[in-house]
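A quick write-up on the structure given underneath.
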Amino acid sequence: MNDHDADIWLYHFDRTENFYLCKTKAEIDPRSGKPMKPQASTLVAPPPQWSKGCIPVFNGSAWEIHKDEFWRPREEEVNYDAGRKAETYKPKVIALKNFPSYPSLDRLANSGLVVLRLIDNIRFIDAKFQQLLRMDFSPVENMTDDAAGGVTLCAQPTSYGTYKFESEALVFQMRHCLDTLCRLTELLCDAERVNREKRFRCDSVGALFGTQKNSRAANIVRGLSRSYESDQTDFLKISNDLFNAMKHTHMNAETQVLLGADVPTIVAYGNPTGKQRDIIPYHNHNTYHLMMGFHDTIDRILRNQRAFLTS
């Protein structure tokens, strides 16, 4: 093998504390014929081995062996499984007849109109999913704002950014639908109190796992007793954690170009405790499975609502 054909390796180190991370093959600049070296990397190889509990640290020109006391983030991957193959996904067929008759919020909101809006949103989610399946991803675009050429990021968002925006919109709309079902369930089982107080206590999925975890509405929606079907795939909990990760976590920009190779995925980094030193949940979900779990959860809640009415 000629020297020209031999692999050239890059050795990557942490951007702030310079400790060794990994090695990768260098890409060659077609114009200069030289290896392209990104930031926080070097062509200088670290020692071939080092003592246990130690790690090489790059000092700008060479590697030094230091005691490994460097902090690293710890992550735990979360994958939702609807309990059947992705190929079984079908768009949701839903209409007004699928819902029971709910009491209204007197002089404030007609529950019949709320249900009609809910039906439209459920149909929108399936339509949005079909759009995600058809998205075409070009190579990572130039992320600079070329004012001289008259092209701006505002006018032409990247395909990756568009996918991220649309996939998060899918999750937010799922959460909106489920929150609406929580409030309709509370009206179903406790309309007198809701109208007297003019407020919902179980107003969102989050309340099902927090302040209202022992309420009648939580029992119906989550299926906490033998009288109702339970959430066996844990969709409510996982989708709630995914929603909160997208809404609150500063690290989500790190997932900007993380996409499934064969199927659309929805990814996010969570931070449920607010402490980045704790284990970080890495949500990595097959979108087919999320869609099926969403459909299954709507059907299960509606069956539980009818079971309540006949109990």
Side-chain angles (χ1 to χ4, degrees), residues 1-81 137 139-144 158 160-161 164 168 234 237-238 241-242 244-263 265-286:
M1 178 182 291
N2 297 327
D3 290 342
H4 180 72
D5 297 324
D7 289 329
I8 299 176
W9 293 94
L10 286 170
Y11 302 91
H12 301 269
F13 50 86
D14 181 74
R15 290 175 180 269
T16 56
E17 297 184 282
N18 293 7
F19 59 86
Y20 176 71
L21 296 175
C22 64
K23 72 175 184 177
T24 61
K25 290 181 182 179
E27 295 185 17
I28 304 301
D29 187 328
R31 294 166 296 184
S32 67
K34 296 180 179 180
M36 294 188 287
K37 188 171 71 67
Q39 289 185 340
S41 68
T42 179
L43 296 171
V44 178
Q49 55 186 341
W50 49 87
S51 302
K52 184 178 181 180
C54 295
I55 194 168
V57 177
F58 195 63
N59 66 10
S61 59
W63 294 92
E64 301 172 350
I65 303 300
H66 288 231
K67 186 176 181 181
D68 189 357
E69 297 179 325
F70 300 101
W71 175 82
R72 298 166 179 82
R74 297 173 298 153
E75 69 178 43
E76 183 177 78
E77 189 165 342
V78 183
N79 309 116
Y80 175 72
D81 186 347
F137 295 98
V140 178
E141 299 93 334
N142 185 352
M143 296 294 286
T144 60
T158 64
Y160 290 92
K164 188 71 174 173
E168 289 189 355
D234 220 16
K237 180 66 167 61
I238 290 174
D241 290 346
L242 174 62
N244 285 330
M246 290 177 169
K247 182 179 178 183
H248 298 297
T249 306
H250 189 68
M251 296 172 290
N252 259 350
E254 299 294 322
T255 68
Q256 179 77 354
V257 295
L258 295 182
L259 304 170
D262 302 313
V263 296
T265 53
I266 294 181
V267 298
Y269 283 117
N271 185 214
T273 68
K275 300 175 182 178
Q276 278 78 25
R277 288 187 178 274
D278 291 345
I279 294 177
I280 298 168
Y282 168 48
H283 288 271
N284 183 16
H285 304 297
N286 181 319

Can you give me every donor-acceptor pair (side chain of residues 29-36, partner residue at least two apart or in another chain, under 3.5 Å) with its distance?
residue: Asp29; atom: OD1; partner: Arg31; partner atom: N; Å: 2.9
residue: Asp29; atom: OD1; partner: Arg31; partner atom: NE; Å: 3.4
residue: Ser32; atom: OG; partner: Lys34; partner atom: N; Å: 3.2

Return all side-chain donor-acceptor pairs below 3.5 angstrom for residues 45-54, not counting sequence neighbours, or 'none' if the list is empty.
residue: Trp50; atom: NE1; partner: Cys54; partner atom: O; Å: 3.3

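For the side chain to side chain donor-acceptor pair (under 3.5 Å) test, residues two or more places apart in sequence or in another chain that qualify with Lys237 are Asp241. In this structure Asn271 satisfies the side chain to side chain donor-acceptor pair (under 3.5 Å) test together with Gln276, sequence neighbours excluded. Applying the salt bridge (charged side-chain N to carboxylate O under 4.0 Å, His left out) test to Lys23 and every residue at least two apart in sequence or in another chain returns nothing. The side-chain contact (heavy atoms from CB on, under 4.5 Å) check on Glu77 picks up Asn79, Tyr282, Asn284, with sequence neighbours excluded. Checked against side-chain contact (heavy atoms from CB on, under 4.5 Å), His66 has the following partners two or more places apart in sequence or in another chain: Val57, Glu64. Partners of Arg15 by salt bridge (charged side-chain N to carboxylate O under 4.0 Å, His left out), not counting sequence neighbours: none found. Considering only residues two or more places apart in sequence or on other chains, Asp81 meets the salt bridge (charged side-chain N to carboxylate O under 4.0 Å, His left out) condition with none of them. Partners of Lys67 under the side-chain contact (heavy atoms from CB on, under 4.5 Å) rule, at least two apart in sequence or in another chain, are Glu69. Every residue two or more places apart in sequence or in another chain was checked for a salt bridge (charged side-chain N to carboxylate O under 4.0 Å, His left out) with Glu76, and none qualifies. Every residue two or more places apart in sequence or in another chain that forms a ring-ring contact (aromatic ring centres under 6.0 Å, His included) with Phe58 is listed here: Phe13, Trp63.
Residue Glu27 qualifies as open at atom CD: its count of foreign heavy atoms under 6.0 Å is 12 or below.
No side-chain heavy atom of Val78 sits less than 4.5 Å from a side-chain heavy atom of Leu242. Contact check for Glu168 versus Ile266: no side-chain heavy atoms found under the 4.5 Å cut-off.
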